[in-house]
Each structure stands twice: as structure tokens, then as C-alpha cells.
Amino acid sequence: GNGVSTSRQGHLARKRRRDRKPQDPKKDILKRFNKSKTGKLNREEVRALCVCTMDEVTPLLGGVTEEDIDQVMRLGGNMVKLDIALEEIPTALDAILAIKRDNFRIYDLFKRHDTDKTGKLYPCHLRTLLAEINEGVAPTQEDIDLVIKLCDKSRDGHIVENEIKATLSAWYLRAELGKLPGTHEEAAAMGYAPRLGSEEK
């Protein structure tokens, strides 16, 4: 009857009012995190945004790092900015979400190679993990010893969840310095093991 019709009209009127003023996520983020009231997000405010957005596996991996914040504040460029303006917030969010996705992949990588389900990666686990991210080329014992020495903060001979990001960073840094092979031929010449699970071709 009229009651239903009036109720529906009232609902549609409220919906039209809402539609006239669409929410702006950028402004909502700025309002929530810009505690300094400058109209821009400084480094600590960006850190708070990162912590809030990456609240699932990131804490298990050691939390938001300074490198994460640097990456966000580069906004896709080379220079780390001092603050993030309103119109730059979507770009910053894209960077945060990319880091979040990477952290999920890293966490999944750790879990898959933690075959004993102990929450610890021993040298045998690191061997298969590093081979996976190095296109199947198995690391040398020297590589494994090095990353454990650099990243095992508790000095107990294994890598735990909050050490895995540092472990991967150390591995990639070693690769950039030219100490790791880029092909299976280079691997053989440098004394690396054949590809895991396959015959050397």
C-alpha cells in the first residue's frame, strides 16, 4: 500500500543524496592518518597506513620495514619523498598493496619449504627454497652458510618466519654482486649443483 510506496520513495531519496556525495577514499585516508594536520602524510603517518593495511602475514614476517616505507614513499620513482600529498595517495596505496602481495608470496614460500612444520627452515629447506627462486639452480653450501650467518639473528642455525625477508634480500644481493650463476652453464662452471629434480642437460 501507500506505506510501502512511501518507504521505498524515502529509501530512494536517501540513496540519491548519498550518490550525490560519493566518498573520496583519498580524503578518508588523509583524515584518518594525517595526525599532524598538514594535509600530507609524513613518514610516520605512512608507516601507520602500512601497518594498518598490511595486518595479516606481514607481522609474522617481522612487520613493516624501513625498506617497505622507502618503497612506498618513492611513488614509483627513484627518490624517497618526505611526505605524500593527497593526490599521491592512490600511487602510495598501489605500492603498499604490491608489498602486501609480495609478503603473502614470501609467507607461502616459507610454509611450502617448512616441510617439517616446525616454523624453522634448516639448511636442507633453504637449499630447496633458494633453488626454487633461482630457476632450479641449487645453491652451494657456501651460499646457504652465508645467508644463515647474515640473517639468523638468534644464531641457532636456522631461519624463522621473521628472518625470511632478510634471507631473500641477502640472496638477491649476492646475485647482484655477481656471485651467483644466471644460467645452468654458469652454475656448472662455478661449482653449483645441477638443477634439483632434473638431469643436467
Asks: Step by step, work out the side-chain contact (heavy atoms from CB on, under 4.5 Å) result for I106 and K165.
Replies: CA-CA 7 Å; I106 291 168; K165 286 182 75 172; 4.0 Å; yes
Asks: Could you pull out the closest heavy-atom pair between E163 and T167, with the gap in Å?
Replies: O-OG1, 2.8 Å
Asks: Can you list every pair that meets ring pair (Phe, Tyr, Trp, His ring centres under 6.0 Å) and has a residue in residues 34-57, with sequence neighbours left out?
Replies: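 Listed once each, the pairs would be none.
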Asks: Of the non-hydrogen atoms in D114 and G119, which two are nearest, and what is the gap between them?
Replies: OD2-N, 2.8 Å
Asks: If you round to the nearest 0.5 Å, how far is CD1 of I133 from CH2 of W171?
Replies: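 One gets 6.5 Å once the value is rounded to the nearest 0.5 Å.
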Asks: Name each donor-acceptor pair under 3.5 Å that joins a side chain in residues 51-65 to protein atoms two or more places apart or in another chain, with its distance.
Replies:
{"from": "T53", "atom 1": "OG1", "to": "L49", "atom 2": "O", "distance (Å)": "2.8"}
{"from": "E56", "atom 1": "OE2", "to": "K100", "atom 2": "NZ", "distance (Å)": "3.2"}
{"from": "T58", "atom 1": "OG1", "to": "N103", "atom 2": "ND2", "distance (Å)": "2.9"}
{"from": "T65", "atom 1": "OG1", "to": "E67", "atom 2": "N", "distance (Å)": "3.4"}
{"from": "T65", "atom 1": "OG1", "to": "E67", "atom 2": "OE1", "distance (Å)": "3.4"}
{"from": "T65", "atom 1": "OG1", "to": "D68", "atom 2": "N", "distance (Å)": "3.0"}
{"from": "T65", "atom 1": "OG1", "to": "D68", "atom 2": "OD1", "distance (Å)": "3.3"}
{"from": "T65", "atom 1": "OG1", "to": "D68", "atom 2": "OD2", "distance (Å)": "3.2"}

Asks: Taking side chain to side chain donor-acceptor pair (under 3.5 Å) as the test, write out the residues that go with D108, two or more places apart.
Replies: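 Listed in chain order: R112.
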Asks: With sequence neighbours left out, what residues match D94 under side chain to side chain donor-acceptor pair (under 3.5 Å)?
Replies: none
Asks: Name each donor-acceptor pair under 3.5 Å that joins a side chain in residues 72-89 to protein atoms two or more places apart or in another chain, with its distance.
Replies:
{"from": "K81", "atom 1": "NZ", "to": "E88", "atom 2": "OE2", "distance (Å)": "3.3"}
{"from": "E88", "atom 1": "OE1", "to": "A85", "atom 2": "N", "distance (Å)": "2.8"}

Asks: So does R105 pair up with D102, basic N to acidic O under 4.0 Å?
Replies: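 Salt bridge between R105 and D102, a charged N being under 4.0 Å from a carboxylate O: yes.
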Asks: Quick one: do R43 and E66 make a salt bridge, cutoff under 4.0 Å?
Replies: yes
Asks: Is there a path of hydrophobic side-chain contacts, each under 4.5 Å between heavy atoms of I/L/V/M/F/W/Y residues, joining L109 to Y172?
Replies: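 Looking at the clustering, L109 is in the same group as Y172.
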Asks: In the hydrophobic cluster built from side-chain contacts under 4.5 Å, what are the other members alongside V160?
Replies: none
Asks: How far does CG of L168 sit from CG of L130, to the nearest 0.5 angstrom?
Replies: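 Taking CG in L168 and CG in L130, the distance rounds to 7.5 Å.
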Asks: Please examine the side chains of I148 and I144, heavy atoms only from C-beta on, and report whether any two atoms are closer than 4.5 Å.
Replies: yes
Asks: Indicate yes or no for a side-chain donor-acceptor contact from N34 to the backbone of K31 under 3.5 Å, with no hydrogens or angles considered.
Replies: no
Asks: Output yes when a side-chain donor or acceptor of N134 lies under 3.5 Å from a complementary backbone atom of G136, and no otherwise.
Replies: no
Asks: By side chain to side chain donor-acceptor pair (under 3.5 Å), which residues pair with K35, not counting sequence neighbours?
Replies: none
Asks: The criterion is salt bridge (charged side-chain N to carboxylate O under 4.0 Å, His left out); which residues satisfy it with E45, sequence neighbours excluded?
Replies: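 Expected list: none.
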Asks: Under the salt bridge (charged side-chain N to carboxylate O under 4.0 Å, His left out) rule, collect the residues that match up with D145, sequence neighbours excluded.
Replies: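 Counting only residues at least two positions away or on another chain, D145 forms no salt bridge (charged side-chain N to carboxylate O under 4.0 Å, His left out).
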Asks: Answer yes or no: does atom NZ of K149 have more than 12 heavy-atom neighbours from other residues, nucleotides or ligands under 6.0 Å?
Replies: no
Asks: So which heavy atom on P139 is nearest to which on A131, and how close?
Replies: CD-N, 4.0 Å
Asks: Is there a donor in the side chain of T118 and an acceptor in the side chain of D116, or the other way round, less than 3.5 Å apart?
Replies: no
Asks: So which pairs with a foot in residues 64-118 pass ring pair (Phe, Tyr, Trp, His ring centres under 6.0 Å), sequence neighbours left out?
Replies: none
Asks: Give, for atom CG of L41 and atom OG of S36, the distance between the pair rounded to the nearest 0.5 Å.
Replies: 8.0 Å
Asks: If I take atom CG from residue L121 and atom NZ from residue K111, how far apart are they, to the nearest 0.5 angstrom?
Replies: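 Interatomic distance, L121 CG to K111 NZ, rounded to 0.5 Å: 9.5 Å.
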Asks: If you compare all heavy atoms of G157 against all heavy atoms of P123, which two are closest, and at what distance to 0.1 Å?
Replies: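 Looking at all heavy atoms of both residues, the closest pair is O-CD, 3.8 Å.
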Asks: Just jot down the salt bridge (charged side-chain N to carboxylate O under 4.0 Å, His left out) partners of K153, sequence neighbours excluded, or say none.
Replies: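 Listed in chain order: nothing, the list is empty.
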Asks: SG of C151 to CG of N162: how many Å apart, nearest 0.5 Å?
Replies: 11.0 Å
Asks: Could you note down all residue pairs passing ring pair (Phe, Tyr, Trp, His ring centres under 6.0 Å) where residues 116-135 supplies at least one of them, sequence neighbours left out?
Replies: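 Passing the test, one end in residues 116-135: Y122-H158.
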